[in-house]
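Here is the structure we will look at, set down as structure tokens.
Basis for what follows: all heavy atoms, side chains included, without hydrogens, waters or symmetry-related copies.
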Amino acid sequence: ADLARFEDEVVVTPNRGVAHARNAGIRRARGDWIMCLDGDDTVSDSYLMRAMEQVALVPRTNLVYANQQFFDGSRWQWTVPPLRADNALVNGPLPLMTLWRKDLWLATPHGFDEALPKGHEDWAFWLQLTRLPLLPHKLDDFLTQYRYKKDSKMRTRERNNPEVPRLMRTLFADLYPVRKLLIDHHELLKPAGEPGQKPGITEAVVMDVSVSQHLHPTRPEPHLWSGMILQAKGDLAGAAAAYNASAALAAPYDWQGSYRLWRALLLLGDGAAAAREEAAAVKAREVATLRKERSVRRQEENVEAAAAALEEKEAALRQQEEAISAEAKLVQSVKEVMREEASIIEAQADMIEAALSEAEALDKLTLDAAEDAATAAAAAATTSAAAAAAAAADSNQLDADEGDEASLAIEGGGPLEVPPPPAAVAARQAGEEGGADAEGADGEADAAEDADMSDLTGGDAAADDDAPYAEEEAAAAVREEYERTQMGD
């Protein structure tokens, strides 16, 4: 019946983080007690009733919490320690589902601190509560539950942004020891080093710091963080200006802005000589750069000249190649002409060889015919000579017989001239005619041979000057042999 008067209200705010949303909801809340419950949190049914029973017993109680049970990714049970300043500084916050009076939130300067980048706003809230007079009470049972995930946004933030707890601690210069805060300063001032080495403040947090400085210009901490970012980048003048703004806005107990301003001014003063040396080094680098540029230009000119010479050489080589190609074509043409001439010469040689073969055949035929004629003439002459010899023998026998008879007739007187007998005269004439016929046959054979040679050479005595002489000499030799034979006979 008492719950009927409560109505749910949904408050829509700009997306400015969890701290801003919680503060907006708490401002609109009309009750005296506040409990924040995120999407990964639950509470037992008896938690609120038991807490209010404790408040009824001890009305001055202004904060109630219980142990916490993890679920989903872990079964760990968190036994929450008593809320004291030393525990809050080291061990972190209470469970988010802690019940507390709205008056405590109103008594804090910032509630859930919206200037803090990347979370830990609940831890900062509990640290603010340690400055107030508290009367807490703990319920010993595990009445609150938290879903644990290894890859949750909070776990990822803790791995990727270890600088966030350091930035959070700078909000409480009155609670943390100076030594601890100086160590945090040293880590936050680390510049970006080698590839893969994170700077003291990562780029994602740098963006959040810039937004925080814009949304909370009257807060000293965003100016302090901005000065550290600038100093890590080497901008000492900008860092000194940011530290000066932080020191002007800081509470009397917050020494960090003034200390960092003093250190920046020392670095600027000591850096005058370093600045001159740096200027000289820059000048030397500029001179070296100019010299290097001149050297590069000379190298480029040399390269261009070498390229031009190479192009000229390539052009000359191309001309040589063209000349060689032309000469090769000419040589090829000459070879073709020579091959044609050789073909012609071979054809002529074949013709000459054929003509010589034909002439030899004709010569052989002519010689055979001459030999046949000479043989026939010799046989005829031999026959005629034999007949004449026989006739002469007969005539001589007759003469002898007649001489005997004449001697017998003219004994005692001188010799008488007796005319040869008619048979002897006839035999002698037949022998002379046979010799003439043989000579005539030899002459006719020579004339026929000369005519055949004239027909073979076509009347051109210059075609083969030695052949006629050889043939004539052979024919003369045949005639001489024939005449010797006749003479012998």
Any side-chain heavy-atom pair from Gln145 and Ser44 closer than 4.5 angstrom? yes
Over 12 non-hydrogen atoms of neighbours within 6.0 angstrom of CG in Asp86: yes
Donor-acceptor pair, Asn244 side chain versus Ala240 backbone, under 3.5 Å? no
Please check if atom CD in Glu9 has more than 12 non-hydrogen atoms from other residues, nucleotides or ligands closer than 6.0 Å. yes
How long is the span from the NZ atom in Lys283 to the CD atom in Glu286, to the nearest 0.5 Å? 5.5 Å
Donor-acceptor pair, side chain of Glu121 and main chain of Leu116, under 3.5 angstrom: no
Gln256 and Leu181, any side-chain heavy atoms less than 4.5 Å apart: yes
No-hydrogen, no-angle side-chain donor-acceptor test under 3.5 Å, Asn161 and Thr202: yes
In terms of heavy-atom contacts, Gly39 and Arg147 come closest through O-NH1, 3.5 Å
Is any side-chain N of the basic residue among Arg131 and Asp174 closer than 4.0 Å to the acidic one's carboxylate O? yes
Is the number of heavy atoms from other residues, nucleotides or ligands under 6.0 Å of Arg339 CZ greater than 12? yes
4.5 Å side-chain heavy-atom contact, Leu265 and Leu261: yes
Taking all non-hydrogen atoms of both residues, which atom of Thr98 and which atom of Val64 are closest, and how far apart? CG2-O, 3.2 Å
Gln69 and Asn67, any side-chain heavy atoms less than 4.5 Å apart: no
Before giving the answer on side chain to side chain contact (heavy atoms under 4.5 Å, CB included), spell out for Leu215 and Arg16 the whole-Å C-alpha distance, their side-chain angles and the decisive distance to 0.1 Å. CA-CA 10 Å; Leu215 295 176; Arg16 288 170 55 182; 4.1 Å; yes
Taking C-beta and beyond as the side chain, do Glu53 and Leu139 meet within less than 4.5 Å on heavy atoms? no
Would you name the heavy atoms of Asp254 and Ala173 that are closest together and state the gap between them? OD1-CB, 3.6 Å
Considering residues, nucleotides and ligands other than Asp32, do more than 12 of their heavy atoms fall under 6.0 Å from its CG? no
Say whether, by atom type as modelled, one donor and one acceptor occur between the side chain of Ser333 and the main chain of Lys329 under 3.5 angstrom. yes
List the atom of Tyr176, the atom of Met168, and the distance in Å for their closest heavy-atom pair. OH-CE, 4.3 Å
Give a yes or no on whether a salt bridge exists between Arg22 and Asp38, defined as a side-chain N under 4.0 angstrom from a carboxylate O. yes
Could you give me the CA-CA distance, side-chain angles and deciding distance for Leu48 and Leu99, then say whether side chain to side chain contact (heavy atoms under 4.5 Å, CB included) is met? CA-CA 8 Å; Leu48 296 178; Leu99 281 161; 3.8 Å; yes
Between Tyr148 and Tyr146, what is the ring plane arrangement, given parallel below 30°, perpendicular above 60°, and tilted in between? perpendicular
Under 3.5 Å, side chain of Lys198 to main-chain N/O of Asn160, donor-acceptor pair present? yes
For the atom pair CE (Met97) and OH (Tyr47), what is the distance rounded to the nearest 0.5 Å? 7.5 Å
Contact check, side chains of Arg27 and Val11, non-hydrogen atoms, under 4.5 Å: no
Could you tell me if the ring centre of Trp126 sits under 6.0 Å from that of Tyr65? no
Do Pro14 and His20 have side chains that approach each other closer than 4.5 Å (heavy atoms only, starting at C-beta)? yes
Could you tell me if Glu221 and His216 have a donor-acceptor pair between their side chains, going purely by distance under 3.5 Å? no
Considering non-hydrogen atoms only, spot the tightest contact between Ser46 and Leu143 and give its length. OG-CD2, 4.0 Å
Could you tell me whether Asp235 and Lys233 have a side-chain N and a carboxylate O separated by less than 4.0 Å? no
Nearest-0.5 Å distance, NZ of residue Lys292 to OG1 of residue Thr289: 7.5 Å
Can you tell me how the ring of His185 sits relative to the ring of Trp255, calling it parallel under 30°, perpendicular over 60° and tilted otherwise? tilted
Is any side-chain heavy atom of Tyr243 less than 4.5 Å from a side-chain heavy atom of Leu224? yes
Over all atoms of both residues, closest heavy-atom pair of Trp100 and Cys36: CZ2-SG, 4.5 Å
